[in-house]
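Heads up: the structure comes next, in structure tokens.
When reading the values below, keep in mind they use all heavy atoms of this one structure, side chains included, and skip hydrogens, waters and symmetry mates. Numbering of ligands and ligand atoms starts at 1, following listing order.
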Amino acid sequence: MANDHHSVDIFSVIRRLYEYNALKFGQFKLKSGIESPVYIDLRTIISQPDLMIDLCHQYVPLMKQCRFDLICGVPYTALTMATYLSTKFRHPMVMRRKETKQHGTKQILEGVYQRGNRVLIIEDLISSGSSILETALTLRQAGLIVTDAIVFIDREQGGIRNLQHSDIDIKVHSCIHFSEMITYLKDEGHITGEKSSEVLEWIQSNYCAIPATLHNQLALTTCSSSWKSYEDRARLCQNPLGKRLFELMAMKRSNLCVSADLTDCQSILKLAELAGPHIVMLKTHVDIIDDFSMDFARRLRDLAKNHNFILFEDRKFADIGSTVQKQYAGGLFRLSEWTDLINAHLLPGPGLIEALRQEFMARSFKDSQQRGCLLISHLSSQGNLVPVDYAQEAYKMAIKNPDFIVGFISQTKVCTDPAFIHMTPGVRIGNEKNDKLGQQYTTPEDAVQNKGADLIIVGRGIISKLDSSCEEFETNIILYKQRGYNAYINLCQ
Ligand SMILES: O=c1ccn([C@@H]2O[C@H](COP(=O)(O)O)[C@@H](O)[C@H]2O)c(=O)[nH]1
């Protein structure tokens with residue numbers, strides 16, 4: 001880095017920011033909806049070139065502490081700062097677009113770079129750290145290395161600590177802390193002691209978290225960088241049924257589960273026969289079948305054996321342990337006798353899981369059948385009331401029971417542990433985006449590549465073709481199979 005002879009005291013920059021109204025005191029509604037007694041808007045300084053230059057030079061001593069090949073400004077405010085620093089000190093720059101272009105090269109990252117180049121992120125200020133993280137994710141997805149970021153102001157609301165998290169690991173350097181800036185403005189008589197205390201108290205009690213959606217994206221990125229084949233994942237599984245499922249997925253080159261939401265036994269058996277060669281799992285809702293009998297259950301089991309797929313009853317257990325034991329083993333359906341996999345909500349607490357574990361063990365002792373349970377971490381329906389932290393609770397429950405919990409019914413990645421499977425319903429090819437009763441659809445590619453699905457669950461997209469010709473049924477199911485499987489395989493590139 002060339003020597004910088006441009007030395008300007010940082011507090012003179014702060015004073016001028018205050019005079020140019022880039023630091024405002026009053027009552028301001030933030031993007032999050034909360035009211036803040038202070039507002040910092042560094043966008044305005046593009047109209048004050050001298051101030052812009054003096055502010056940019058504050059980054060220089062910190063840049064000397066970092067190792068990098070390229071710099072990248074967080075769009076949009078810091079783009080101007082990064083551009084100045086790039087041209088002034090001859091540091092090559094890359095530019096991240098906020099939106100992907102719909103035409104031309106469709107690049108999200110502009111400029112010339114090579115995988116393995118180290119990129120220093122330049123940002124104007126940090127609150128939660130989300131904007132830096134978004135930029136870092138794009139850079140990392142392009143194979144670039146991001147270890148450091150420099151901000152002009154640290155708002156001291158937790159952002160620097162958020163980015164130190166081991167999954168993110170970005171060291172953020174700041175030119176000035178918010179409290180230093182406020183103290184200076186108070187000492188110089190620009191704001192009163194009362195205002196200064198009010199603002200400092202507000203900052204201290206308003207920690208900013210990184211939104212859950214961004215955390216999910218992070219989990220996906222971490223995952224794609226450590227992509228594992230289904231065979232490898234089978235080896236990591238402690239649960240025999242989970243292991244068998246991953247093996248089946250690798251062997252049949254399929255990550256497709258058909259949801260047999262049909263109301264008569266004959267249609268379900270026909271579906272199982274036709275779909276069998278292409279699927280790894282058939283899912284039932286046994287309580288919608290008008291003519292259920294244990295004879296049907298036995299015939300379905302035979303088909304599952306012949307075509308090598310797993311039977312999953314989507315029962316969504318959600319009661320106290322003792323009731324769930326009876327629901328699983330008894331009643332008209334005697335699920336424990338013919339299903340491999342069932343699923344449960346977490347709402348009733350660990351007693352439910354313990355109840356199923358006891359039943360599984362008692363049964364497996366008699367028939368040595370492999371059994372497993374999925375936890376519901378999300379629902380696909382619009383307006384569902386599943387709380388945001390449900391997924392984290394599901395993960396905590398899963399790691400306590402890895403021999404028994406196979407994975408999750410999810411809409412985003414719950415965890416990066418490759419031993420747990422993520423199964424995603426609400427998948428359909430075509431124009432239907434919903435079913436007018438709350439179901440929300442996405443494509444196989446979106447489910448796998450953006451929502452973290454390892455396996456896709458398809459109902460009406462497949463069963464609607466059951467009365468078409470066998471050829472048409474098969475063409476359609478093969479399309480789902482190929483698109484779902486290729487989407488997973490393509491993740492490794
Ligand atoms: O969040 C959830 C959980 C379960 N399902 C079940 O999956 C199938 C989806 O059927 P489509 O015809 O593909 O809509 C159905 O059995 C649901 O009960 C879900 O959709 N969403």
Side-chain angles (χ1 to χ4, degrees), residues 216 254-264 267-268 271-272 274-275 278-290 292 300 309-318 333 335 339 341-347 372-388 390-391 393-394 405-414 421-448 450-468 473 476-477 479-481 483-484 487:
N216 287 330
S254 169
N255 56 359
L256 180 59
C257 165
V258 69
S259 186
D261 297 337
L262 297 157
T263 52
D264 66 284
S267 300
I268 298 177
L271 175 71
L274 292 176
H278 310 292
I279 57 173
V280 288
M281 188 180 291
L282 183 136
K283 179 174 92 62
T284 51
H285 277 301
V286 74
D287 53 355
I288 66 170
I289 306 175
D290 295 327
F292 176 84
L300 189 60
F309 60 79
I310 284 167
L311 284 177
F312 163 32
E313 164 55 26
D314 190 359
R315 177 62 180 75
K316 300 187 180 71
F317 290 110
F333 304 123
L335 299 178
T339 58
L341 191 59
I342 43 88
N343 56 354
H345 273 292
L346 292 165
L347 282 175
C373 174
L374 295 159
L375 295 176
I376 296 156
S377 59
H378 306 87
L379 288 175
S380 62
S381 46
Q382 191 172 28
N384 71 74
L385 301 177
V386 172
V388 206
Y390 209 56
E393 293 306 316
I405 303 294
V406 171
F408 311 97
I409 297 289
S410 61
Q411 291 292 316
T412 59
K413 228 20 166 200
V414 174
I421 193 154
H422 288 75
M423 302 184 20
T424 302
V427 176
R428 194 160 185 171
I429 298 172
N431 296 329
E432 288 91 346
K433 294 282 165 271
N434 56 62
D435 70 354
K436 307 216 165 54
L437 286 175
Q439 176 67 304
Q440 305 179 105
Y441 287 118
T442 191
T443 60
E445 290 78 11
D446 186 53
V448 173
N450 300 321
K451 295 182 156 199
D454 299 310
L455 179 152
I456 54 172
I457 301 177
V458 182
R460 284 163 283 185
I462 290 176
I463 60 177
S464 60
K465 300 276 185 205
L466 194 59
D467 292 329
S468 314
F473 177 87
N476 182 55
I477 199 167
L479 185 66
Y480 275 98
K481 174 186 167 185
R483 284 183 56 174

Worksheet item: ligand 1 versus I376, non-hydrogen atoms closer than 4.0 Å: side chain, backbone, both, neither?
Response: neither

Response to the item:
Within 4.0 Å of some non-hydrogen atom of S259, the atoms of ligand 1 are 8 (C), 15 (C), 16 (O)

Worksheet item: Hey, which atoms in ligand 1 end up nearer than 4.0 Å to a heavy atom of R460?
Response: 11 (P), 12 (O), 13 (O), 14 (O)

Practice prompt. Say whether, by atom type as modelled, one donor and one acceptor occur between the side chain of Y390 and the main chain of L346 under 3.5 angstrom.
Written response: yes

Worksheet, complete the sentence: Looking only at protein heavy atoms, what sits closest to atom 14 (O) of ligand 1 is Y441 OH, 2.7 Å

Worksheet entry | Protein contact of atom 13 (O) of ligand 1 - nearest heavy atom, named by residue and atom, plus distance | G459 N, 2.9 Å

Worksheet, complete the sentence: Under 4.0 Å from one or more heavy atoms of S380, ligand 1 contributes atoms 1 (O), 2 (C), 19 (C), 20 (O), 21 (N)

Worksheet, complete the sentence: Closest non-hydrogen contact found for T443 with V427 is C-CG1, 4.0 Å

Item to complete: Answer yes if the side chains of S267 and D264 hold a donor-acceptor pair under 3.5 Å, and no otherwise.
Response: yes

Worksheet item: Say you draw a straight line from CD1 of I462 to CG of L479; how long is it, rounded to the nearest 0.5 Å?
Response: 9.5 Å

Item to complete: Would you give the length of the straight line joining atom CG of L311 to atom OG1 of T339, rounded to the nearest 0.5 angstrom?
Response: 7.5 Å

Worksheet item: Going by the atom numbers of ligand 1, which of them fall below 4.0 Å from some non-hydrogen atom of P425?
Response: 1 (O), 2 (C), 3 (C), 4 (C), 5 (N), 7 (O), 19 (C), 20 (O), 21 (N)

Fill in: Heavy-atom donor-acceptor pair, Q440 side chain to S380 backbone, under 3.5 Å
yes

Fill in: Y480 and H278: side chain donor to acceptor below 3.5 Å
no

Discussion item. Any atom of ligand 1 sitting under 4.0 Å from a heavy atom of Q411?
Written reply: no

Discussion item. Suppose we measure from atom 4 (C) of ligand 1 to each protein heavy atom; which comes out shortest, and what is that distance?
Written reply: K316 NZ, 3.5 Å

Worksheet entry | Residue from T424, I429, L256, N476 passing side chain to side chain contact (heavy atoms under 4.5 Å, CB included) with V458 | L256

Worksheet item: Side chain, backbone, both or neither: which part of M423 comes within less than 4.0 Å of ligand 1 when only heavy atoms are counted?
Response: neither

Worksheet item: Is the backbone of L374 close enough, under 3.5 Å, to the side chain of N343 for a donor and an acceptor to pair up by distance?
Response: no

Practice prompt. Check whether any N or O atom of D261, backbone or side chain, sits under 3.5 Å from an N or O atom of ligand 1, and answer yes or no.
Written response: yes

Worksheet entry | Backbone or side-chain N or O of Q439 under 3.5 Å from ligand 1 N or O | yes

Worksheet item: For V427 and ligand 1, does the shortest N/O to N/O distance drop below 3.5 Å?
Response: no

Fill in: Heavy atom of the protein closest to atom 17 (C) of ligand 1 (residue, atom name, distance)
H285 NE2, 3.9 Å

